[in-house]
Amino acid sequence: MKDWRNTLVSATISVAEAIESIDRNSMQIAIVVAEDGKLLGTVTDGDIRRGILKGIALSAPVTQVMNADPTTAGIAEPRENILTMMRQKDIQHVPVLDENGHLIFVETFGGLTNVFRRENLVVLMVGGRGARLDPLTNDCPKPLLKVGGKPVLETILQSFLEYGFYRFCFAVHYKAEMIEAYFGDGSKWGAEITYVREKEKKGTAGALSLLQDSPTAPVLVMNGDVLTKVNYHHLLRFHEEHGPAATMCVREFTTQIPYGVVRLEQHQLLAIEEKPIYSHFVNAGVYVFEPAALSMISDQTYLDMPDLFALLLKNDQKIVAFPIREYWLDIGRMSDFERANGEFSEVFG
């Protein structure tokens, strides 16, 4: 796999040096970045040839020929959106930026259309009772409830397969035999599925202590009742770039107070804000863990996911947040289930 870092050049180099970089890196592009990593522009062979035709000397700064307004994507941009942009604009590269304009990595058309197999294990937490969806879950585990004509868990599985993941472990408990009967070993989908069965509830993170083989690469973990179009490629690359013990996906959640909120100082009213809207980031139920982080989970204790993150923080482990800006829905209540069915064809069709 070509390393996009070889495309990076400084704004202080000359056009001639940019040509050498393009010839050397084999990706047919130079990415001009500032010292702090912010994207300044891109340079292709076509940009250089157009500059030469305009009389720009090879000794001139590369900034005189670079495209200062290239097509870029945000860290949360879905894979299919980037592919659409590439096809519409007939381009082979799209720099991916964080919210501050810093370069995270570079997507290539070849890389997106030729998805390679990823060895990272994906653990799907599908052992919950789903009591808030009674009576639907009386005879059917929540992950097998059908949304858009097929089980929620099947849609989740297929979304990971699209990004090259094929190794899965399902953490099962409630009506485990139904989930195992439906998915089997995963060969029907071109996947490899194993199972860990909780004999007693171990919490939303405790089941990770039951993994049979110790992972050697980052592990993706996801709740089995979340429908999302998150770009798992970007998520994993984001995790690798920042080097944390764990990455938590977060989702912006807004609430509106239905009353006028007053600010007081003792008995004196200082201000009133009518029906204010507050925004918070909430846990989206999608994570990436380094193997060392998972090794901290004891198989003798009950552990929920917030407890695991508290444990990591207590041990001074670095944790980063990956904001999900694409479609995301936690199917926890009947209203969510109905909404998912109403939106499925538009989002996943």
Side-chain angles (χ1 to χ4, degrees), residues 1 4 39 70-118 120 122 124 147-148 150 152-166 168 189-191 218 220-242 247-253 281-288 320-331 336 339-349:
M1 191 176 187
W4 60 271
L39 176 69
T71 298
T72 62
I75 188 67
E77 195 72 41
R79 170 175 171 269
E80 56 268 29
N81 288 8
I82 299 177
L83 273 173
T84 298
M85 286 191 292
M86 288 179 168
R87 290 187 175 111
Q88 289 177 342
K89 299 187 177 185
D90 193 23
I91 54 178
Q92 298 293 314
H93 311 86
V94 171
V96 178
L97 313 179
D98 67 13
E99 61 275 11
N100 297 314
H102 295 97
L103 183 68
I104 301 297
F105 52 96
V106 180
E107 289 284 21
T108 66
F109 186 81
L112 290 174
T113 53
N114 297 295
V115 178
F116 58 91
R117 284 161 71 87
R118 301 181 183 277
N120 305 78
V122 178
L124 299 178
V147 172
K150 60 184 175 183
V152 172
L153 186 53
E154 185 173 353
T155 297
I156 294 172
L157 176 71
Q158 290 175 328
S159 68
F160 277 102
L161 290 169
E162 289 177 4
Y163 286 92
F165 298 96
Y166 71 97
F168 297 87
W189 293 271
L220 287 85
V221 180
M222 181 172 172
N223 295 346
D225 56 359
V226 171
L227 283 179
T228 180
K229 293 292 286 184
V230 65
N231 187 319
Y232 298 110
H233 177 111
H234 288 181
L235 169 59
L236 191 56
R237 293 294 290 271
F238 181 90
H239 175 85
E240 293 169 346
E241 290 292 331
H242 287 81
T247 296
M248 174 189 288
C249 289
V250 296
R251 177 75 173 180
E252 190 171 22
F253 182 78
F281 282 109
V282 299
N283 183 355
V286 186
Y287 319 92
V288 184
V320 298
F322 178 87
I324 293 181
R325 305 193 185 281
E326 50 269 83
Y327 183 84
W328 177 90
L329 181 62
D330 178 357
I331 307 175
D336 301 321
R339 176 184 167 188
N341 270 294
E343 297 174 344
F344 186 87
S345 60
E346 179 180 350
V347 176
F348 295 92

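Sequential numbering from 1 along the given sequence is applied to the chain's residues. Computed from a predicted model, the values in this text were never measured in an experiment.
- For T71, the side chain to side chain donor-acceptor pair (under 3.5 Å) criterion is met by K89, not counting sequence neighbours.
- Separation of atoms CG (L220) and CG (L235) is listed at 5.5 Å; rounding is to 0.5 Å.
- Proximity of a side-chain donor or acceptor of W189 to a complementary backbone N or O of L157 within less than 3.5 Å is not detected.
- When ring centroids are compared, F165 and H233 stay outside the 6.0 Å threshold.
- Using modelled atom types, no side-chain atom of N223 and backbone atom of V226 make a donor-acceptor pair closer than 3.5 Å.
- For I104 against L97, the heavy-atom pair with the smallest separation is CG1-C, 4.0 Å.
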Step-by-step ring pair (Phe, Tyr, Trp, His ring centres under 6.0 Å) determination, F109 to H93: CA-CA 6 Å; F109 186 81; H93 311 86; over 10 Å; no
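- Taken to the nearest 0.5 Å, the NE2 atom of H102 stands 13.5 Å off from the CD1 atom of I75.
- Once rounded to the nearest 0.5 Å, the distance linking CZ of R237 with CH2 of W4 reads 7.0 Å.
- In this structure, the ring of Y232 has its center less than 6.0 angstrom from the ring center of F160.
- The side chain to side chain donor-acceptor pair (under 3.5 Å) test applied to D330 returns no partner, not counting sequence neighbours.
- A donor-acceptor pair under 3.5 Å links the side-chain atoms of R251 to the main chain of E326, judged by distance alone.
- Around CG of D90, the count of heavy atoms belonging to other residues, nucleotides or ligands within 6.0 Å does not exceed 12.
- Taking the six-membered ring for Trp and the full ring otherwise, the centers of H242 and F322 sit at least 6.0 Å from each other.
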Trace of the salt bridge (Lys or Arg N to Asp or Glu O under 4.0 Å) decision for R79 with E107: CA-CA 9 Å; R79 170 175 171 269; E107 289 284 21; over 6 Å; no
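- Here the rule is salt bridge (charged side-chain N to carboxylate O under 4.0 Å, His left out) with K229, and of E77, E80, E346 only E80 fits it.
- Checked by atom type and distance alone, the side chain of N341 pairs as donor or acceptor with a backbone atom of G148 at under 3.5 Å.
- Counted within 6.0 Å of OH on Y327, heavy atoms from surrounding residues, nucleotides or ligands total more than 12; the atom is thus considered enclosed.
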